[in-house]
Protein chains: 2
Amino acid sequence: MKKPSPTIRDVAAAAGVSVATVSKYINGAQRFSAPVEAKLKATIEKLGYRSNPLARSMITGQTRTIGLTILDISNPHFTSVVKGANRVALQHDYTLLLVDAEENQARERPLIEALAQRVDGLIVSSRMPDEALQWMLELNKPVVLLRRSQQLPIPSVGIDNQLATYMLAQHLLSQGHRRIAYLGFGQARINDERIRGASECLARSGLTLEVHDAYAPTAQAGERACSRVMLGQNRPEAVICYNDLIALGFMKEAAALGFRLPQDVSVTGIDNVPYGEYSAPSLTTVDIQSEKMGELAMRKLLDLLGGGSDSGYATFEPRLIVRESTARRG
Amino acid sequence: MKKPSPTIRDVAAAAGVSVATVSKYINGAQRFSAPVEAKLKATIEKLGYRSNPLARSMITGQTRTIGLTILDISNPHFTSVVKGANRVALQHDYTLLLVDAEENQARERPLIEALAQRVDGLIVSSRMPDEALQWMLELNKPVVLLRRSQQLPIPSVGIDNQLATYMLAQHLLSQGHRRIAYLGFGQARINDERIRGASECLARSGLTLEVHDAYAPTAQAGERACSRVMLGQNRPEAVICYNDLIALGFMKEAAALGFRLPQDVSVTGIDNVPYGEYSAPSLTTVDIQSEKMGELAMRKLLDLLGGGSDSGYATFEPRLIVRESTARRG
DNA sequence: GTGAAAGCGCTAACAT
DNA sequence: ATGTTAGCGCTTTCAC
């Protein structure tokens, strides 16, 4: 059943050359005399020899694998990140070692530490505070963070969160809305930035942002939070949600509660997930180029691996996508 | 910068024992005298020693890694599969080596062959015909297929596709529809089964299924196909789509073309992706338990790795989910 | 309970 | 252009 695979030594013996020659041949390290090359090619073919990547890695210290840890693959934002990262990795003959931490903070660190030993570099999305990320520097492996790291010298990619919500607030103000609420996700590191952006924009018009929390970055959480926001005191005319999933859930529940969308309440998300286009009403959101983020993160990492130097924090420009979930007041 | 990690020899030397003892200690292979155990624990801690998984793998022949190749991570069905597989893998201390082949058939085989060398086993989703899957048997690694394999002795998990579309057709018939179309994806291996299920159901009422093709399993493809289906001759009263994404796109475009949904046309998908709940109208579909599929595939594979024997083809029961995209005729 | 020694399959000097 | 040799970091007999 389990016939042992031929080793480089088997090939060498069968072809009547040394193992070094075989090694050089499969690595295309040099040119060979015609007879040797032909013989080698034939024997490798005949034996069905495939070089053992583990043994090679042990010597070269390269695994041609990149570790990618994300918070939740079900979130279309992360799905896109993975997609982008995978594409670039494949182009450069790297493979992804994926870990979905399932929003479980406790697991993250051990998981990443174990992962670090099996890869050439890591792309990490984490909810841990910057201070708790110190240990990543001791991984001895290049890391690219999927969010801005303020204090740590770790290259990272992200978007300008403050600008994103500023844009949304501006858009809603221009539609005549005054009572604007934010339905956030306090656990996210970037939640504060998003609050700040919207708050600042409203402040310029002498208005205040009413802040709520959804406790999870999911559609279910958005549904659950809806009645609390819409049927509490001081009902908002417009709601900026932490992300598209929360917004989608919020809209569904709002409709179920009898509100007309967007007449009774305007709703926005952030991320521009593909399904915002197909919701009822279609979702006004901010595109953050998730897939490009994945691509860039991978490119930065490969650059680091190739001896490039830390390229710092890269940021994508957020772009407002206006659809049907926001409308003029009244 | 790049201080070399301590090896097992460093630990042995520092602790004044042999490498064999250290090896046994980290593998918890036996009991030790108190002083040795204490010394070892202290030294490992002090040196920050971590066993090198590559070196270990080379000897044991186990990588504790499972290769997972899918057709497109952007498709929520596959996202869920990955989610489920990842969860079970993590529970058993395995990690996923993920490859998104991006619906590119040509890449698949070399990608999988390369992957096979770096993992203990594989879970594969492929569009290649069964006959072209022969080589997988020569991988010398256990494989679980994410669809039924009729001819090959490869364990697999999937759903009863014929039943799924039979159910949908039955549902539409019971609503009084007579002109029913199928908007499929001919490249998929399972497309024929789905056609057969619906056809058979209609045949019992003396009706014929009109078959169209969307040429891709995506929402965009669904949009593109819509006018062809709806504005050609013999306009259907109901459309069964190959999957939810196509259905979502189809519905959006149908609305854009001026059709009222579901009054003018009933639409169904298959997969029960999370976003079918948030579309307008919400999508009638068939739940195929994508996440459970991923979990089961992984469980089967781990079972195989643990010496279990080929458990054949496992199938999930499809379940009809009726929402608002289908309604009585008229 | 602990250690010495023989590799796992391969690459990387360094010969020739 | 090809061969010899010395390991990479670890596990695994098999002694003691």
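Side-chain atoms are counted along with the backbone in the values below, which use heavy atoms only and exclude waters and symmetry mates. In what follows, chains are A, B, ... by sequence order, proteins preceding strands, each numbered from 1.
Listed by residue number, the members of residues 22-35 of chain B with any heavy atom below 4.0 angstrom from DNA chain D are Ser23(B), Ile26(B), Asn27(B). Interface residues of residues 45-58 of chain A facing DNA chain D, ordered by number: Met58(A); criterion, heavy-atom separation under 4.0 Å.
Listed by chain and residue number, Lys300(B) satisfy the side chain to side chain contact (heavy atoms under 4.5 Å, CB included) test with Ser311(B) (two or more places apart in sequence, or in another chain). For Pro110(B), the side chain to side chain contact (heavy atoms under 4.5 Å, CB included) test picks out no residue, with sequence neighbours left out. By the side chain to side chain contact (heavy atoms under 4.5 Å, CB included) test, Ser80(A) is found to be paired with Ser290(A), Glu291(A), residues two or more places apart in sequence or in another chain being considered. Glu138(B) pairs by the side chain to side chain contact (heavy atoms under 4.5 Å, CB included) definition with nothing, not counting sequence neighbours.
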Solution key, residues 28-44 of chain A side-chain donor-acceptor pairs under 3.5 Å, sequence neighbours excluded:
residue: Thr43(A); atom: OG1; partner: Lys39(A); partner atom: O; Å: 2.3
residue: Thr43(A); atom: OG1; partner: Leu40(A); partner atom: O; Å: 3.4

Which pairs would a plain distance check flag for residues 113-126 of chain A, meaning a side-chain donor or acceptor within less than 3.5 Å of a matching protein atom at least two apart in sequence or in another chain?
residue: Glu113(A); atom: OE2; partner: Arg109(A); partner atom: NE; Å: 3.1
residue: Glu113(A); atom: OE2; partner: Arg109(A); partner atom: NH2; Å: 3.4
residue: Arg118(A); atom: NH1; partner: Thr65(B); partner atom: OG1; Å: 2.8
residue: Arg118(A); atom: NH2; partner: Thr63(B); partner atom: O; Å: 2.7
residue: Arg118(A); atom: NH2; partner: Thr65(B); partner atom: OG1; Å: 3.4
residue: Asp120(A); atom: OD1; partner: Thr63(A); partner atom: N; Å: 2.7
residue: Asp120(A); atom: OD1; partner: Thr63(A); partner atom: OG1; Å: 2.9
residue: Asp120(A); atom: OD2; partner: Thr63(A); partner atom: N; Å: 3.2
residue: Asp120(A); atom: OD2; partner: Arg64(A); partner atom: N; Å: 2.8
residue: Ser126(A); atom: OG; partner: Glu108(A); partner atom: OE1; Å: 2.6
residue: Ser126(A); atom: OG; partner: Met128(A); partner atom: N; Å: 2.9

For residues 88-101 of chain A, run the donor-acceptor check on the side chains, cut-off 3.5 Å, and write out each pair with its distance to 0.1 Å, sequence neighbours left out.
residue: Asp100(A); atom: OD1; partner: Glu102(A); partner atom: N; Å: 2.7
residue: Asp100(A); atom: OD2; partner: Ile73(A); partner atom: N; Å: 3.0
residue: Asp100(A); atom: OD2; partner: Lys83(B); partner atom: NZ; Å: 3.0

Per-pair distances, 0.1 Å, donor-acceptor, side chain in residues 48-56 of chain A, under 3.5 Å, sequence neighbours excluded:
residue: Asn52(A); atom: OD1; partner: Leu54(A); partner atom: N; Å: 2.7
residue: Asn52(A); atom: OD1; partner: Ala55(A); partner atom: N; Å: 3.3
residue: Arg56(A); atom: NH1; partner: Asn27(A); partner atom: OD1; Å: 2.6
residue: Arg56(A); atom: NH2; partner: Asn27(A); partner atom: OD1; Å: 3.4

Identify all side-chain donor-acceptor contacts of residues 7-16 of chain A below 3.5 Å with residues at least two apart in sequence or on another chain.
residue: Thr7(A); atom: OG1; partner: Arg9(A); partner atom: N; Å: 3.0
residue: Thr7(A); atom: OG1; partner: Asp10(A); partner atom: N; Å: 3.4
residue: Asp10(A); atom: OD2; partner: Thr7(A); partner atom: N; Å: 2.8

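Phosphate proximity of dG9(C) to Thr7(A): absent, as no side-chain N or O sits under 4.0 Å from OP1 or OP2. A sub-4.0 Å separation between OP1 or OP2 of dG3(D) and a side-chain N or O of Thr21(A) is present.
Taking a 6.0 Å sphere around CD of Glu131(A), one finds it holds more than 12 heavy atoms contributed by other residues, nucleotides or ligands.
Atom-to-atom distance recorded for Leu152(A):CG and Met136(A):CE is 8.5 Å, nearest 0.5 angstrom.
Following rounding to the nearest Å, Leu40(B) (CG) and dG3(C) (C1') show an atom-to-atom distance of 13 Å. Following rounding to the nearest Å, Ile59(B) (CD1) and dT11(D) (P) show an atom-to-atom distance of 6 Å. Rounded to a whole Å, the CD1 atom of Ile8(A) is 13 Å from the P atom of dC8(C). For the pair Gln117(A) CD and dC8(D) C1', the interatomic distance rounds to 15 Å; values are reported in whole Å.
Of the candidates dT2(D), dA5(C), dC8(D), the closest approach to any side-chain atom of Ala20(B) belongs to dA5(C).
End-to-end axis angle for the helix from dG1(C)-dC16(D) to dT16(C)-dA1(D), using five pairs per end and rounding to 10°, comes out at 30°.
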